[in-house]
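Predicted, not measured: the structure shown is a model, and the values here were computed from it. As the structure lists them, so they are numbered: ligands from 1, and atoms in each ligand from 1.
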Amino acid sequence: MAATSVPICLTTLLLLLLLLSLNTQAQTPSAPAPAPPGPVNLTGILDKNGQFTTFIRLLTSTQVANQVENQLNSSTEGMTVFAPTDNAFNNLKAGTINDLTIQQQVQLVLYHILPKFYTLNNLLLVSNPVRTQATGQDGGVFGLNFTGQGNQVNVSSGIVETQINNALRQDFPLAVYQVDKVLLPEELFGVKAPTAAPAPPTKTSSGGSTNSTVAASQPAPGNGSGGRNSNVALGFVLGLGLACMGVLS
Ligand SMILES: *[C@@H]1O[C@H](CO)[C@@H](O)[C@H](O)[C@H]1NC(C)=O
Ligand SMILES: *[C@@H]1O[C@H](CO)[C@@H](O)[C@H](O)[C@H]1NC(C)=O
Ligand SMILES: *[C@@H]1O[C@H](CO)[C@@H](O)[C@H](O)[C@H]1NC(C)=O
Ligand SMILES: *[C@@H]1O[C@H](CO)[C@@H](O)[C@H](O)[C@H]1NC(C)=O
Ligand SMILES: *[C@@H]1O[C@H](CO)[C@@H](O)[C@H](O)[C@H]1NC(C)=O
Ligand SMILES: *[C@@H]1O[C@H](CO)[C@@H](O)[C@H](O)[C@H]1NC(C)=O
């Protein structure tokens, strides 16, 4: 019993650590100070430019700005941010952002961030799709595709494609590029029509065991207000992790 539960626990705890590392990276004592480049102020960089007020507001309200600045402090990879202009947000259908849950807003913002520093030339050479900082517990990839022609680079979310115009900053550890469209991830805005059509609440693939406690966490069918799965999954992982600690101690 204990012999089999220990590896499961370890795996779970590793997963847990992975999830938490996003938030707590600054506190981990491991990284041996990779040449502190001085604090990078992402919102400051955007603020100077004057046409990113919506994105700044989102970065701040979702706490992603803090997260990025902390992570940059200890990152050896650096980061790349695609900053949609105010015009880009204004061109969205009304309510596009406000209809998202807070967690989906976090995912949307993180979708505009790559966990690595890329110059424009680097972006021409990446292999697609490139993972973003956004993650989906239910298997969503949240990738971006980059294509180039000459020295012009396009970025595509699968739903929108736009040119990368203007490098607001291109110095390690942080690259910031202006984009004139909000990059809408398929994971949030794809196929699944958010209106009407009570789409069958795909509770397939549970392979038989219908009456387990897991079934209790299925959302009530009908209102397809997304974002629930990841919350449930996170809670599940957290719970498992805590249970494991109990087992191990
Ligand atoms: C970053 O810049 C913003 C806007 O310029 C400013 O309000 C904020 O205090 C700065 N943060 C840090 C840590 O310097
Ligand atoms: C980044 O690290 C420096 C020293 O290594 C520290 O003074 C600064 O407060 C840190 N900034 C953040 C945002 O954690
Ligand atoms: C990226 O390109 C691949 C194949 O070229 C395609 O399958 C995938 O859907 C694209 N993803 C996005 C986010 O555009
Ligand atoms: C880049 O996207 C624009 C539309 O925003 C399109 O007109 C252009 O053909 C694309 N270029 C490449 C290299 O895909
Ligand atoms: C599920 O199990 C509970 C008891 O654990 C039982 O009362 C209930 O009828 C079961 N439901 C189904 C659909 O089998
Ligand atoms: C769920 O949908 C029903 C109609 O289908 C609606 O009356 C109800 O307000 C919705 N509830 C939520 C929480 O959106």
Side-chain angles (χ1 to χ4, degrees), residues 25-27 36-75 79-92 104 107-116 118-136 138-169 171 173-192:
Q25 206 154 65
Q27 297 161 15
V40 174
N41 187 346
L42 173 58
T43 52
I45 293 164
L46 296 172
D47 199 34
K48 256 190 293 187
N49 206 280
Q51 51 173 334
F52 298 100
T53 53
T54 308
F55 192 53
I56 291 173
R57 188 159 48 73
L58 274 173
L59 278 166
T60 308
S61 70
T62 57
Q63 306 283 323
V64 171
N66 286 337
Q67 210 177 314
V68 166
E69 282 158 19
N70 285 336
Q71 216 162 326
L72 279 174
N73 225 10
S74 58
S75 168
M79 286 191 172
T80 300
V81 174
F82 300 102
T85 57
D86 288 337
N87 262 340
F89 281 101
N90 290 340
N91 287 336
L92 292 175
Q104 288 171 328
Q107 286 177 317
L108 177 68
V109 173
L110 290 176
Y111 187 60
H112 289 74
I113 303 176
L114 308 179
K116 194 172 188 307
Y118 293 100
T119 64
L120 274 179
N121 281 339
N122 294 154
L123 285 174
L124 284 170
L125 303 173
V126 294
S127 62
N128 290 321
V130 177
R131 285 191 91 87
T132 65
Q133 282 286 83
T135 52
D138 41 0
V141 178
F142 283 95
L144 285 170
N145 280 354
F146 295 89
T147 51
Q149 206 170 54
N151 49 12
Q152 174 60 55
V153 185
N154 275 14
V155 58
S156 165
S157 75
I159 294 182
V160 299
E161 174 171 12
T162 189
Q163 299 186 355
I164 298 172
N165 282 322
N166 183 16
L168 304 175
R169 177 190 158 115
D171 296 314
L174 178 67
V176 183
Y177 301 106
Q178 170 184 331
V179 287
D180 295 331
K181 287 182 186 166
V182 180
L183 305 175
L184 302 176
E186 278 179 321
E187 285 77 3
L188 295 181
F189 297 95
V191 285
K192 280 181 242 164

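- For F146, the ring-ring contact (aromatic ring centres under 6.0 Å, His included) partners at least two apart in sequence or on another chain are F82.
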### Query
So T54 and D86, side chain to side chain donor-acceptor pair (under 3.5 Å) or not? Walk me through it.
CA-CA 6 Å; T54 308; D86 288 337; 3.2 Å; yes
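- Scanning both residues, Y111 and A134, for their nearest heavy atoms gives N-CB, 3.7 Å.
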Without placing hydrogens or testing angles, list every side-chain donor-acceptor pair under 3.5 Å for residues 173-183, not counting sequence neighbours.
| residue | atom | partner | partner atom | Å |
| --- | --- | --- | --- | --- |
| Y177 | OH | Y118 | O | 2.6 |
| Y177 | OH | L120 | N | 3.2 |
| Y177 | OH | Q170 | OE1 | 3.3 |
| Q178 | OE1 | N166 | ND2 | 3.2 |
| Q178 | NE2 | D180 | OD1 | 3.0 |
| D180 | OD2 | N165 | ND2 | 2.6 |
| K181 | NZ | E161 | O | 3.1 |

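- Close approach of ligand 4 to Q149 is summarised as follows: ligand atoms under 4.0 Å from at least one heavy atom of the residue are 13 (C).
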May I have a table of the N/O to N/O pairs between ligand 3 and the protein that fall below 3.5 Å, each row giving the two atom names and the distance to 0.1 Å?
| residue | atom | partner | partner atom | Å |
| --- | --- | --- | --- | --- |
| ligand 3 | 2 (O) | N145 | ND2 | 2.2 |
| ligand 3 | 11 (N) | N145 | ND2 | 3.1 |
| ligand 3 | 14 (O) | N145 | ND2 | 3.1 |
| ligand 3 | 14 (O) | G158 | N | 3.3 |

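- Considering only heavy atoms from C-beta on, P185 stays 4.5 Å or farther from I159 through its side chain.
- Counting only heavy atoms from C-beta outward, the side chains of L72 and L42 never approach each other to under 4.5 Å.
- At least one N or O atom of N154 sits closer than 3.5 Å to an N or O atom of ligand 4.
- For residues 55-65, every residue pair satisfying the side-chain hydrogen bond (donor to acceptor under 3.5 Å, both in side chains) rule, not counting sequence neighbours, is listed here: Q63-N66.
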